[in-house]
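See structure below.
Convention: sequence-line order gives letters A, B, ...; per-chain numbering from 1. Bear in mind that the values here come from a model prediction, so they are computed numbers and not experimental data.
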2 protein chains.
Amino acid sequence: MEVATDNPLIQKLQGLAPLSALDVAALKKITSQPRLVQARMDLIEEDDVSDNVFIFLEGFACRYKQRRTGARQIVSYLLPGDVCDVDPIDLPPLDHAVCTIATSNVARIPRRAWIELLQEHPHVAQASRLAKRIEAETTRMWLVNLGCRSALEQMAHLFCELMTRMEAVGLARDGTCPLPLIQADLGQTLGLSNVHVNRVLQEMRRLGLIECKGKTLRLLDQPRLRHLAEFSADYLQLRPRRTV
Amino acid sequence: MEVATDNPLIQKLQGLAPLSALDVAALKKITSQPRLVQARMDLIEEDDVSDNVFIFLEGFACRYKQRRTGARQIVSYLLPGDVCDVDPIDLPPLDHAVCTIATSNVARIPRRAWIELLQEHPHVAQASRLAKRIEAETTRMWLVNLGCRSALEQMAHLFCELMTRMEAVGLARDGTCPLPLIQADLGQTLGLSNVHVNRVLQEMRRLGLIECKGKTLRLLDQPRLRHLAEFSADYLQLRPRRTV
DNA sequence: CGGCGCCTTGAGAGTAATCAACGATAGTGG
DNA sequence: CCACTATCGTTGATTACTCTCAAGGCGCCG
């Protein structure tokens, strides 16, 4: 039962499992008191022990790990509709930190309340499990990116992936979406230096593949980008095939 | 209740949650009819739809993704005691393939039977969930490896990780364990060419860090290796902190 | 206006890839 | 028992992708 909504959490989960009006209402209620978080703020620090679930309603954040050398590796992005650490098993301390990239609107929910919601709303639980599986598959895809794609291919792949995810929550249209990442973020995601990120982006613009104005990304030639990156959205659009 | 056993599955899960004698018996029973699989055989192919859970009792295998160019990226290793796709949500088709590296002894169990076991043995389920979380954390650690470590550091980190995992199932002693990987496998894991893997290994031997004879890896100076790799075993040795 | 954050550019260095042989080892069949 | 073959490891030479260092530009905000 699709219900029109501008709540990205509901929008995302509806894409993963059928939600009843009651499911939707519960999700609306639990996200009704989000709070604004500034850009570049750590929501969860490594070894943090507070025990909340964060639901992103607006904005942009990332999970990252930091080396003693200071080098930082971003290991995933959190977009509107994403739930940070859905699983009962995802207890702190985490092995990584979570940090906003843009000003974000985030609902912070005691884990217990979230788990209760999952117990009372099995379809939400099912969608959450699927979301978690997609996250794992995405991480593996990033491994392929880092392990065996050139800088250009990696960048193309990342942009295709982000655009697809943004579309799924209604934030992208016509290959265009807001993207608050700075070049250093891209470098920390793809294992490239800032300088090289800059040059690769220039190359992509020169090739007529993308356009970045302000904090907006536009994919000018998605077929060519997808081919270049060997991108297929399959891993992001899993559907429940049956219930176990 | 620790029970002496040479079943690596039991050994591993006992390290993650307390198992009763009944739990152990059930695990013994379900792994009582393993079959031998040759080295370099695909157990699960990408887009495979058969629905089994594989439990590795002996041997060595990997999950990998293959690019159209033929390039292959190994995304994780499966060691004795590992259960392939423990979760009810891990339904096929997978986004990757699973392939043995050495001749392996593998129990193939219909998913339904495995899920029933989990339902009847909550401690086993708890341990499995923890195992899955560890797998996810390991994948993120690999991302850090590929994204921001040099070839030498990566190799050191991988060796520390494998040694720790082998120890956990009683297959390593005194920094020595069997390692059936060939140099090409290491390359496909770390995103390096065969030639470079070879040179890095030589460098590590020259530095007195490791010794590889036959299919055996020996870490000669673990403190230095761990320091070089910034390795901490924390992410591999999670303990249940409480039950949710 | 000054400072700061971010982007851009240039030059030089270095790590790792590629190409091409060659060597070692083990299993196979005559 | 010994060629024979295949797989894996090793080496050298060359190329190229990416990094580092350094400096300058541009726009925004106090």
Side-chain angles (χ1 to χ4, degrees), chain A residues 38-41 60 67 69-74 99-103 145-156 158 178-207 210-217 228, chain B residues 38-41 60 62 67 69-74 99-103 145-158 178-207 210-217 228:
Chain A
Q38 284 188 317
R40 308 288 164 183
M41 296 289 291
F60 212 102
R67 290 186 58 188
T69 61
R72 169 187 283 210
Q73 177 67 38
I74 292 177
C99 170
T100 57
I101 285 175
T103 303
N145 241 4
L146 285 168
C148 49
R149 284 198 241 265
S150 70
L152 187 68
E153 290 165 343
Q154 281 188 75
M155 194 79 78
L158 178 62
L179 193 74
L181 300 175
I182 65 174
Q183 293 184 0
D185 295 323
L186 292 171
Q188 289 163 11
T189 305
L190 305 178
L192 303 173
S193 69
N194 295 357
V195 174
H196 200 57
V197 167
N198 184 281
R199 288 182 173 135
V200 171
L201 287 174
Q202 283 180 53
E203 175 74 1
M204 291 181 84
R205 288 187 292 241
R206 200 185 57 70
L207 291 170
I210 63 164
E211 204 178 82
C212 333
K213 270 187 197 159
K215 298 233 168 277
T216 298
L217 170 69
L228 173 62
Chain B
Q38 283 187 319
R40 307 289 164 183
M41 297 288 291
F60 211 102
C62 68
R67 291 186 56 188
T69 61
R72 168 188 285 209
Q73 177 68 37
I74 292 176
C99 170
T100 57
I101 285 176
T103 303
N145 240 3
L146 285 168
C148 49
R149 283 198 242 265
S150 69
L152 188 68
E153 290 165 343
Q154 281 188 75
M155 194 78 79
H157 198 280
L158 178 62
L179 193 75
L181 299 174
I182 65 175
Q183 294 185 357
D185 295 322
L186 292 171
Q188 288 163 11
T189 305
L190 305 178
L192 303 173
S193 68
N194 295 356
V195 174
H196 200 57
V197 167
N198 184 281
R199 288 181 173 137
V200 171
L201 287 176
Q202 283 179 53
E203 176 73 0
M204 293 181 83
R205 286 186 294 240
R206 199 184 61 69
L207 292 170
I210 62 163
E211 204 178 80
C212 332
K213 271 187 195 160
K215 299 231 167 282
T216 299
L217 170 68
L228 173 63

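Computed from coordinates, the A:His196 NE2 to C:dT8 C1' distance equals 15 Å when rounded to whole Å. Atoms CE (B:Met204) and P (D:dT10) sit 14 Å apart, rounded to a whole Å. Atom-to-atom, CE of A:Met155 to P of D:dC17 comes out at 15 Å; the value is rounded to the nearest Å. Atom CD of B:Gln183 is separated from atom P of C:dA24 by 15 Å (rounded to the nearest Å). Nucleotide D:dC8 holds its P atom 22 Å from the NZ atom of B:Lys213, rounded to whole Å. Computed from coordinates, the B:Gln202 CD to C:dA16 P distance equals 15 Å when rounded to whole Å.
Side chain of A:Ile182, nearest nucleotide from C:dC7, C:dT8, C:dA17: C:dC7. Closest approach to the B:Asn198 side chain among D:dC8, D:dT10, C:dA17 is made by D:dT10 (side chain taken as heavy atoms from C-beta onward). Among the nucleotides D:dT18, D:dT20, C:dA16, the one closest to the side chain of A:Ser193 is D:dT20. Relative to the side chain of B:Val195, the nucleotides D:dT20, C:dA20, C:dA16 differ in distance, and C:dA20 lies closest.
Within 4.0 Å (heavy atoms only), A:Gly187 reaches no atom of the nucleic acid at all. Within the nucleic acid shown, B:Gly191 comes within 4.0 Å of sugar-phosphate atoms alone, with no base atom in reach, counting heavy atoms only. Among the protein residues, A:Leu192 comes within range of the sugar-phosphate backbone only, with heavy atoms under 4.0 Å from sugar or phosphate atoms but none that close to a base.
Considering all non-hydrogen atoms of both residues, B:Thr100 and B:Ala102 come closest at CB-O, 3.5 Å. Of all non-hydrogen atoms in A:Gln73 and A:Thr189, the two that sit nearest each other are NE2-O, 3.1 Å. Nearest heavy-atom pair across A:Ala156 and A:Leu228 is CB-CD2, 4.0 Å.
With the nearest nucleotide of DNA chain D identified for both A:Arg149 and B:Arg199, B:Arg199 has the one nearer the 5' end.
No side-chain heavy atom of A:Val197 sits under 4.5 Å from any side-chain heavy atom of A:Leu190.
A distance of 7.0 Å separates OG in A:Ser193 from NE2 in A:His196, rounded to the nearest 0.5 Å.
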